[in-house]
Engineer: 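Quick one: this structure, given as structure tokens, is what I'll be asking you about.
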Amino acid sequence: MSLELIKQIMDILIGLILVTPFLVIGSRRLVFCVKIIALQAVLLTAVSMLMAFYTQEAEIYMVAGLTFIIKVLFIPYLLYWVIKKIKVKKDTMDFIGTKTSLILAGMLVILSFTITPQALSKGDIMFGNSIPVAISLLFLGLFEIITRKQALMQVIGILMMENGLYLVGVGTTYGMPLVVELGIFLDIFVGALIMGVLTFQINRTFDSIDTNQLKNLKG
Amino acid sequence: MTMIWYSTIGLLLTGGLLSLFFRKNEVYSNTAAYLCSAFAALCSGFLAIKILLTNQTLIVMLPKVLPYTQVTMKIDNLAGYFILVISVLTLAVSVYSFGYGQEYFGKGKIGQLGFMFNIFILTMLLVVTANNILLFLFAWELMSLVSFLLVLYEHEYIKVRNAGLVYLIMTHIGSLFLVLGFLIMYQQTGSFEFDQLAVGVRQLSPELKNIIFIFMLIGFGTKAGIVPLHVWLPRAHPAAPSHVSALMSGIMIKTALYGLIRVLFHMLGSGSVWWGVLILILGVISALLGVLYALMEQDLKRLLAFSSVENIGIIFLGLGAAIIFKEHGTPMLSAIALTAGLYHLFNHAVFKSLLFMGAGAVHMATHTRKINKLGGLIKTMPWTALFFLIGSASISVLPPFNGFVSEWLTFQSLLALSFNISDTTIKIMAPVAGSALALTGGLVAACFIKAFGISFLALPRSKNAEKAREVNLSMRIGMGILAGLCILMGIFPSLIFRLLDGVSLSLAGAGVYGQLNGGAWLSVLNIPNASGKGISMDSLSLGILLVLAIPVVLLITRFIGGRTKRSKDETWNCGKTLIPAMEYTATSFSNPIRIIFRYIFWPSQDIIKEDKGSPYFTKSIKYRSRITPVFEEYLYRPINWAVIYISDKMGSVQSGSIHIYLTYILATIIALLLFAR
Amino acid sequence: MTSKIAIVIGQLLFVMALAPLLSGVIKKTKASFQTRQGPGFLQVYRDIYKWFHKDSVISEHTSWIFIVTPYIYFSALFVAALLIPTFTTVQPLGFAGDVIAVIYLFALGRFFMSLAGLDAGSAFGGMASSREAAVSSVIEPAMMLAIFSVALVVGSTNLGIISETFSSEIVFNLSHILAFMAMAVVTVAETGRIPVDNPDTHLELTMVHEGMLLEYSGKELALMMWGASIKQLLVYSLLVNVFFPIGIANNFDFISILIGLLSFISKVFFVGIIVAVIETSFVKMRFFKIPDLLAGAFMLGLLSLVSNYVLGR
């Protein structure tokens with residue numbers, strides 16, 4: 001495979017990754033959102049494989065494998081389990097409407113493209129385009145957390161942010177050292193676990209997973 | 001010498017720990033705590049006198065424990081003088097506490113009390129010896145916290161808890177300003193050590209010095225309790241156990257004056273004349289308002305606490321005059337004014353502790369502090385009454401007691417200010433301050449006529465007062481020591497002048513002791529002035545004359561009148577038998593002054609009358625009068641309100657909603673990214 | 001040395017002997033203004049002598065304070081009499097105290113007298129003590145300020161030195177006059193005369209000083225009454241010798257002492273007669289108006305200071 005081809009494939013993958021957050025923001029169905037986040041993880045795995053193929057480093061293959069196991073298989077499974085337990089299908093509790101959310105999300109993407117240093121995105125580095133997309137993921141993940149009331153959607157936001165971080169790592173350094181990646185995986189693994197349980201607990205306490213209800217805890 | 005210092009510290013620590021160790025056995029715990037503190041006081045007192053007499057400086061360096069912090073303690077003349085005051089009081093209070101501690105037996109906190117008592121003394125000693133900003137602030141904060149805990153000793157009562165809270169807040173506001181002031185000094189000079197700091201600070205610009213001065217004045221003024229920063233004092237001092245109040249009022253608020261003198265004279269060196277003028281004005285205001293509020297109090301310990309505010313004001317008068325003289329380059333007069341202030345500081349420590357101990361004894365015997373519930377105690381508690389009377393006479397500036405000497409010196413300093421300084425404002429202001437001091441003196445006399453006369457004389461006004469019994473021997477000895485000192489320091493002021501000689505020499509540049517005519521015993525103080533004629537007062541002669549006059553008067557009486565008999569009968573009461581309800585009360589005693597100074601008190605009163613069907617037959621009359629606490633209502637309440645209002649507004653930022661917090665984060669990130677681009 | 005002791009004892013005896021006569025003169029003058037015959041000049045002596053011989057009755061509610069008070073009160077005045085110049089500025093014991101000491105010696109007497117007033121437990125004594133404490137505390141600043149403004153001209157608070165400075169000629173300038181007026185008001189207040197206090201009445205609504213003495217009898221009453229008249233003389237001599245000490249004996253020879261004695265007695269009696277005139281022509285003030293009067297005295301003292309420093313006269 002030639003370098004050009006790799007670059008093109010990479011651009012397509014990154015473009016697809018950029019689409020996924022919008023799907024999440026635009027959707028209200030929890031199961032769908034989980035599927036999207038799994039899809040995003042699949043795309044990330046593909047990016048990692050491509051990168052591993054390009055650099056021919058064993059470590060990156062392992063990272064890609066781990067990504068697949070944790071982000072594509074384990075976490076979505078966990079979230080399915082929670083959804084089944086709490087018996088909530090839809091997130092109908094937004095602070096702002098879908099349209100407004102989408103517009104704001106678009107603005108955040110523009111923002112992340114503008115703030116990315118020119119030198120980085122203009123191809124001096126091999127996969128420069130991944131950086132603004134990664135920052136977009138960070139922003140959109142945070143945006144997701146802010147605008148959604150449901151604890152589960154916030155977990156999805158966190159995952160999205162983490163994916164953004166992962167993308168930055170892969171895109172700029174051809175993969176971080178394995179130790180770091182392992183640490184992050186462990187983090188996200190435990191994080192998702194805790195948040196899953198927490199969501200469950202919030203539901204039990206408030207009969208709802210609306211995190212806005214946590215305000216009642218204020219003295 | 002270093003060993004004596006270490007053994008002082010060691011004894012205090014031992015006392016505290018032993019007291020905790022024996023906490024199950026209250027007698028042991030009590031004895032261990034106060035025995036150790038008494039011996040520690042003897043050690044430190046010995047050290048202080050030695051330092052004051054030989055004019056040497058003791059530097060104690062503790063081994064380095066943490067990097068960058070060399071803990072040094074320096075005992076120079078000024079520190080020595082304060083150590084002496086602390087030691088004298090600690091000794092008397094410790095002796096007193098052997099007996100007074102029994103009041104708290106059976107409440108299960110004797111161990112903690114003894115522990116904190118010892119640590120409290122230790123922290124005060126550390127404050128006056130610290131030679132380093134960090135150690136000073138550390139000791140200062142520790143002193144505040146330990147005294148806070150002591151105030152909270154009887155925390156079962158809501159009043160005590162509130163008092164503790166007010167104390168904690170005020171003292172930390174003060175500390176804030178202190179830290180700021182010291183940090184400015186550190187920033188400008190780059191040194192934490194007082195001595196190196198002093199060298200650098202002297203060269204600072206006047207503006208910066210002014211800022212430091214203001215910060216220090218607010219910081220130390222809060223602890224000293226000058227008006228309007230005094231609000232904590234009448235709350236916290238009465239709330240603490242009496243022997244602790246004796247120390248708090250006697251010496252803890254003086255450590256603030258130590259700090260102020262240390263910073264103003266030792267570090268800042270010369271400043272501006274207005275510093276002195278400001279201190280003088282604050283002194284006048286504190287003295288007058290302190291005693292006026294004291295007069296309105298019906299609670300013996302609160303009365304004493306307000307009177308502390310007044311005495312701090314008098315000390316401020318001396319300090320202010322000393323600063324003005326210093327700025328005008330007249331070291332001798334500055335030394336006299338400084339001596340007046342420091343002398344009064346010692347005097348106040350002695351008689352205020354004595355009075356607080358007396359109040360403690362009264363409280364122990366009658367379980368009330370309300371003056372209106374007391375009466376007739378002079379018959380059941382003759383010793384306590386005598387000591388309280390001596391304390392009252394001393395604080396009321398009566399010759400030949402000690403208060404008179406220091407106030408006389410203060411009067412003379414103020415007059416010298418008017419006589420020797422060419423500035424017209426000061427020329428007129430100083431005698432007016434002097435007459436304000438005279439007014440204060442008159443009001444203090446009224447206040448303590450009330451405190452002594454209503455509590456100890458005439459008929460008991462309650463069952464508790466009737467059943468009062470004289471307190472135990474240790475308490476009487478403790479009070480007796482200080483009562484003796486009141487007289488001793490009154491008729492032999494040269495002793496104190498001798499001790500203060502080195503202090504004023506190092507701070508103001510001249511010694512006062514040389515101005516005494518007639519050697520060490522006959523202590524005529526001649527104040528030189530431009531006209532060359534002296535001003536003299538000899539309290540020893542006054543004392544001797546007063547004591548001699550009494551037998552002379554007895555002789556005259558006998559000579560003219562011969563022998564006559566003295567018989568006893570009822571008090572004339574318009575033909576009715578006198579009952580306690582007919583007596584004048586503390587409230588009625590101070591009523592004329594309440595009316596005369598109504599522009600300050602804003603008094604209000606209501607009379608509730610209940611009748612039996614017809615208005616001509618009264619069943620009961622209730623009279624209630626109160627004064628408006630102006631500073632609380634019109635200064636602290638608005639501040640309080642503003643703080644709460646702002647907090648409320650800030651509270652709406654703090655919604656408790658995760659989403660809002662995250663929005664803040666997002667906004668911050670975006671702002672930072674845009675800013676950094 | 002002997003001459004010094006002679007002066008001390010002589011001055012003491014002089015003050016103690018003259019004081020009741022001054023009270024007698026004032027009483028007689030008042031009587032003649034009221035077209036009464038009145039008691040003779042010597043009646044006060046007779047009264048004091050009579051009380052000294054009476055047995056005393058002490059209230060059973062009182063404590064030792066009540067008994068020692070007359071002696072302390074009298075002793076304080078005794079010592080004050082040694083510090084205040086009367087007919088001579090030569091004061092062997094003048095070094096022991098200045099005007100501030102004198103004022104606080106008065107305060108010492110007053111302190112114990114007020115306590116004695118409270119000691120018997122009757123409401124009359126308590127009321128009188130309370131009023132005395134209130135009035136005296138407002139007298140003191142006015143008195144201090146008036147004396148300060150003179151002392152600041154001289155540069156000393158020692159009374160002998162002040163009198164000596166002004167003894168050569170009558171000082172007659174604005175500052176001095178204002179201070180004198182202030183001191184005159186203070187004198188009336190300090191000695192408990194109308195319009196501040198009425199020394200001739202035992203009505204509970206008006207009395208201040210008398211109320212505290214209500215329980216006294218016999219020797220103790222004699223000491224208190226004699227003491228009051230001595231205090232009156234001392235305050236008058238403070239007034240005349242601080243402001244117009246002309247004629248006072250500066251050295252210790254027969255002629256100057258004679259002149260000193262004559263001028264002092266005539267000045268003091270003149271003041272006494274003026275006081276009697278005031279007493280007959282004014283009514284007693286309402287109690288709560290008294291501070292206004294003394295505030296006026298305070299302002300006069302302040303004006304005296306200001307005119308001294310600002311106007312220079």
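Treat the numbers as computed from the prediction; the structure is a model and nothing was measured. Numbered from 1 within each chain, the chains take letters A, B, ... in sequence-line order.
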Engineer: About how many Å separate OG of C/Ser63 and CG of B/Leu377, when rounded to the nearest 0.5 Å?
Structural biologist: 11.0 Å

Engineer: Between chain B and each of C/Leu223, C/Asp98, C/Ile65, C/Leu93, count heavy-atom pairs under 4.5 Å; write down the option with the most.
Structural biologist: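 Option with the greatest count: C/Asp98.
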
Engineer: Show the nearest heavy-atom pair for residues C/Gly121 and B/Leu578, with the distance to one decimal.
Structural biologist: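 Here C/Gly121 and B/Leu578 meet closest at O-CD1, 3.5 Å.
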
Engineer: Who wins among B/Pro400, B/Ala446, B/Ala549 for the most heavy-atom pairs under 4.5 Å with chain C?
Structural biologist: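 Top count of heavy-atom pairs under 4.5 Å with chain C: B/Ala549.
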
Engineer: Check whether B/Phe401 gets within reach of chain C through its side chain, its backbone, both or neither, counting any heavy atom under 4.5 Å.
Structural biologist: neither

Engineer: Pick one of side chain, backbone, both or neither for C/Ser129, based on which atoms fall under 4.5 Å of a heavy atom in chain B.
Structural biologist: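 Its backbone and side chain both get close to chain B.
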
Engineer: Does any part of the side chain of C/Trp226, heavy atoms only, come nearer than 4.5 Å to the side chain of B/Ile556, both counted from C-beta?
Structural biologist: yes

Engineer: Taking atom CD1 of B/Ile428 and atom OG of C/Ser149, what is their separation to the nearest 0.5 Å?
Structural biologist: 11.5 Å

Engineer: Quick check for you: among C/Leu152, C/Leu145, C/Ile48, which has the greatest number of heavy-atom pairs under 4.5 Å with chain B?
Structural biologist: C/Leu152

Engineer: Is it the side chain or the backbone of C/Lys54 that comes within 4.5 Å of chain B heavy atoms, both, or neither?
Structural biologist: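 Contact with chain B is through the backbone of C/Lys54 alone.
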
Engineer: For the residue pair C/Ser130 and B/Ser588, what are the closest heavy atoms and their distance?
Structural biologist: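 Looks like OG-O, 3.8 Å.
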
Engineer: Name the member of C/Phe298, C/Phe112, C/Trp64 that forms the most heavy-atom pairs with chain B at distances under 4.5 Å.
Structural biologist: C/Trp64

Engineer: Taking atom NZ of C/Lys4 as the centre, report whether more than 12 heavy atoms of other residues, nucleotides or ligands fall under 6.0 Å from it.
Structural biologist: no

Engineer: Go through B/Cys447, B/Gly453, B/Pro431 and name the one with the most non-hydrogen pairs under 4.5 angstrom from chain C.
Structural biologist: B/Pro431

Engineer: In terms of heavy-atom proximity below 4.5 Å to chain B, should C/Met143 be classed as side chain, backbone, both, or neither?
Structural biologist: neither

Engineer: What part of C/Ile290 gets within 4.5 angstrom of chain B, counting heavy atoms only: side chain, backbone, both, or neither?
Structural biologist: neither

Engineer: Output all residues satisfying side-chain contact (heavy atoms from CB on, under 4.5 Å) with B/Thr564, sequence neighbours left out; order by chain, then residue number.
Structural biologist: C/Asp55, C/Lys219

Engineer: Please state whether the side chain, the backbone, both or neither of B/Ile544 comes within less than 4.5 Å of a heavy atom of chain C.
Structural biologist: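 Answer is neither: B/Ile544 stays 4.5 Å or more from chain C.
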
Engineer: Report yes or no: does B/Thr571 contribute a side-chain atom to a donor-acceptor pair with the main-chain N or O of C/Ala120 at less than 3.5 Å?
Structural biologist: yes

Engineer: Could you tell me which portion of C/Val138 (side chain, backbone, both or neither) has an atom closer than 4.5 angstrom to a non-hydrogen atom of chain B?
Structural biologist: both

Engineer: OG/B/Ser541 to CG/C/Leu82 distance, rounded to the nearest 0.5 angstrom?
Structural biologist: 11.0 Å

Engineer: Would you indicate whether C/Tyr45, at its atom OH, is surrounded by more than 12 heavy atoms from other residues, nucleotides or ligands within a distance under 6.0 Å?
Structural biologist: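 Correct, the count exceeds 12.
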
Engineer: Of the listed residues (C/Leu83, C/Asp119, C/Leu108), which shares the most heavy-atom pairs with chain B below a 4.5 Å separation?
Structural biologist: C/Asp119

Engineer: Which of these, B/Val553, B/Leu546, B/Ile550, sits in a side chain to side chain contact (heavy atoms under 4.5 Å, CB included) with C/Ile72?
Structural biologist: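 Of the listed options, the one satisfying the test is B/Ile550.
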
Engineer: If you tally heavy-atom pairs under 4.5 Å against chain C, which of B/Ile560, B/Val547, B/Thr585 wins?
Structural biologist: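 Of B/Ile560, B/Val547, B/Thr585, B/Ile560 has the most heavy-atom pairs under 4.5 Å with chain C.
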
Engineer: Walk me through it: do C/Phe66 and B/Leu457 pass the test side-chain contact (heavy atoms from CB on, under 4.5 Å)?
Structural biologist: CA-CA 10 Å; C/Phe66 188 78; B/Leu457 301 180; over 6 Å; no

Engineer: Go through B/Leu415, B/Leu542, B/Leu443 and name the one with the most non-hydrogen pairs under 4.5 angstrom from chain C.
Structural biologist: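 So the answer, after comparing B/Leu415, B/Leu542, B/Leu443, is B/Leu415.
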
Engineer: Measure C/Ile103 against the heavy atoms of chain B and call it side chain, backbone, both or neither at under 4.5 Å.
Structural biologist: neither

Engineer: Please answer whether the main-chain N or O of C/Glu60 pairs with a side-chain N or O of B/Glu570 as donor and acceptor at a distance below 3.5 Å.
Structural biologist: no

Engineer: Measure distances from C/Ser136 to the heavy atoms of chain B and classify the residue's part below 4.5 Å as side chain, backbone, both or neither.
Structural biologist: neither

Engineer: Working to the nearest 0.5 Å, report the span between NZ of C/Lys289 and CD1 of B/Ile596.
Structural biologist: 12.0 Å

Engineer: Relative to chain B, which of C/Ala101, C/Gly125, C/Pro70 shows the most heavy atom pairs under 4.5 Å?
Structural biologist: C/Ala101

Engineer: Using a cut-off of under 4.5 Å on heavy-atom pairs, state which of C/Leu115, C/Asp292, C/Val153 scores highest against chain B.
Structural biologist: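 Heavy-atom pairs under 4.5 Å are most numerous for C/Leu115.
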
Engineer: Is it the backbone or the side chain of B/Val444 that comes under 4.5 Å from a heavy atom of chain C, or both, or neither?
Structural biologist: neither

Engineer: Can you say whether C/Tyr104 sits under 4.5 Å from chain B via the side chain, the backbone, both, or neither, judging by heavy atoms?
Structural biologist: both

Engineer: Please classify the contact between C/Phe111 and chain B as side chain, backbone, both or neither, with a heavy-atom cut-off of under 4.5 Å.
Structural biologist: both

Engineer: Which heavy atom in B/Gly442 sits nearest to a heavy atom in C/Ser137, and how many Å separate them?
Structural biologist: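 Shortest heavy-atom separation between B/Gly442 and C/Ser137 comes out as C-CB, 3.3 Å.
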
Engineer: The test is side-chain contact (heavy atoms from CB on, under 4.5 Å); show your working for C/Leu118 and B/Phe589 and say whether it passes.
Structural biologist: CA-CA 10 Å; C/Leu118 287 167; B/Phe589 187 90; 4.0 Å; yes

Engineer: For B/Lys379, which atoms come within 4.5 Å of any heavy atom of chain C: side chain, backbone, both, or neither?
Structural biologist: side chain

Engineer: Pick one of side chain, backbone, both or neither for B/Phe404, based on which atoms fall under 4.5 Å of a heavy atom in chain C.
Structural biologist: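 For B/Phe404, side-chain heavy atoms alone lie under 4.5 Å from chain C.
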
Engineer: Counting heavy-atom pairs under 4.5 Å to chain C, which of B/Thr424, B/Asn573, B/Leu295, B/Leu389 comes out on top?
Structural biologist: B/Leu389

Engineer: Less than 4.5 Å to any heavy atom of chain C: does that hold for the side chain of B/Leu548, its backbone, both, or neither?
Structural biologist: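 Contact with chain C: none, neither part.
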
Engineer: For C/Glu220, is it the side chain, the backbone, both, or neither that has a heavy atom closer than 4.5 Å to a heavy atom of chain B?
Structural biologist: side chain

Engineer: Return the minimal non-hydrogen interatomic distance between B/Met582 and C/Ala123, and the atom names on each side.
Structural biologist: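 Between these two residues, the closest heavy atoms are O-CB, 3.6 Å.
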
Engineer: Between C/Ile100 and B/Met537, does the side-chain contact (heavy atoms from CB on, under 4.5 Å) criterion hold? Intermediate values first, please.
Structural biologist: CA-CA 9 Å; C/Ile100 299 168; B/Met537 195 278 290; over 6 Å; no

Engineer: Evaluate the side-chain proximity of B/Cys574 to C/Phe124: yes if any heavy-atom separation is below 4.5 Å, no if none is.
Structural biologist: yes

Engineer: How far does OG of C/Ser156 sit from CD of B/Gln412, to the nearest 0.5 angstrom?
Structural biologist: 7.5 Å

Engineer: Check whether C/Phe287 gets within reach of chain B through its side chain, its backbone, both or neither, counting any heavy atom under 4.5 Å.
Structural biologist: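 When you check distances to chain B, only side chain atoms of C/Phe287 fall under 4.5 Å.
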
Engineer: Which bit of C/Leu302 is near chain B, if near means a heavy-atom gap under 4.5 Å: side chain, backbone, both or neither?
Structural biologist: side chain

Engineer: Could you check which of B/Leu545, B/Ile593, B/Asn591, B/Ile449 has the highest count of heavy-atom pairs closer than 4.5 Å to chain C?
Structural biologist: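 The candidate making the most pairs under 4.5 Å is B/Ile449.
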
Engineer: Could you tell me the separation between the OG atom of C/Ser114 and the CZ atom of B/Phe452, rounded to the nearest 0.5 Å?
Structural biologist: 13.0 Å

